[in-house]
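Read the numbers this way: they start at 1 and go in the same order the structure lists the ligands and their atoms.
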Amino acid sequence: MQLPREVIVGNDVLRRVGETCRRLGFSESALVVTGPRVQAIAAQPVRESLSDSGYKVQEVLVKSSSLPQSREVEHRIGKVKPSIVIGVGGGKDIDIAKLSSANKSVPFISIPTAASHDGIASPVVSMRGYGKPYSFMAHAPVAIMADVGVIARSPFRLLASGCGDVIGKYTAVRDWRLAHRIKNEYYGDYAADLALMSARLVIRNANVVRTMTETGIRTVVEALISCGVAMSIAGSSRPCSGAEHLFSHALGMVAPHPALHGEQVGVGTIMCAYLHGANWQLIRDVLHRIGAPTTARELAIERKYVIKALTIAHKIRPDRYTILGEKGLTREAAERVAQVTAVIE
Ligand SMILES: [Zn+2]
């Protein structure tokens, strides 16, 4: 079980990166992995903080979330030989920092600039390639440093998407229990409860979250971090990823213009909660209150792609047993679940 040693959520956090690295015992040099959009607002203060603490700092810019991109960064790690890799940015930047550092056995620190999904704190990397989105275990960040002021400057849509990803645990944990009962799959109460608790936290605080105040951002960031820890404890993405995620991945394959990960997961959660016989109306109302999409129209995705995604979702990851079963939904059943839950008209 790999868990982060430090989690810092607050204001002016970026200025404390150097001292945090010192405290964690990293010496000499650091490699900052970041993206062009956040370079000035986040990576620059991180570099300054590291330099002030006496670190030799180098930076690499991430262009895509792909295996060749990770290999490029690994090559750079091989040259620079940093004692710590620091991922600063959104999902793409954090994922590349996580994967490349894991492959080179160098610890990494996660500094998210948006609260859009739980990859900011998890040991799991999501990547597209070979025509299919897939995810695998890399390693957990040694520290997570989330600057609320920086995240407050990111678009609200990203925070709402993060809420969708967290609320997805409502059905992900139900799928895990099902797999335990039907397939005798390992099930861990603690990891499951941690994931569910995060979902409940966001559900309970929907009205605060939508204001995007410091408290609201903090709630979502802490929930996302708990989800990441749940995955570290379970040793897989199981507590955090069930049929609602398979639906989102399937949508990513069939829709010409997919929406954000957490937005799709949120809509998937409404429909999967219905399939589970759970309170899908609660999920829909909470997402609506937060300001996250609850329909195909709000996702800006045509109904035919939603139905198609529902019928192929079970094929994305056959080893992951969910409410979709081994054969998946028929077209008629897919249409009905999407209609009853008002995801399509
Ligand atoms: Zn997710």
task = May I ask you to say whether Lys79 pairs ionically with Glu74, meaning some side-chain N is under 4.0 Å from a carboxylate O?
result = no

query = Is a salt bridge present between Arg15 and Glu48, judged by a nitrogen-to-oxygen distance below 4.0 Å?
reply = no

Pairwise distance CD(Glu185) to OH(Tyr321) - rounded to 0.5 angstrom = 11.0 Å

message = With respect to the Zn ion (ligand 1), please indicate if His117 possesses an N, O or S atom at a distance under 2.8 Å.
response = no

key: Aromatic ring pairing His117/His261, orientation class (parallel under 30°, perpendicular over 60°, tilted between)   = perpendicular

message = Quick check for you: with the Zn ion (ligand 1) as the vertex, what angle do NE2 of His245 and OD1 of Asp165 span, to 10°?
response = 90°

key: N, O or S atom of Cys240 closer to the Zn ion (ligand 1) than 2.8 Å   = no

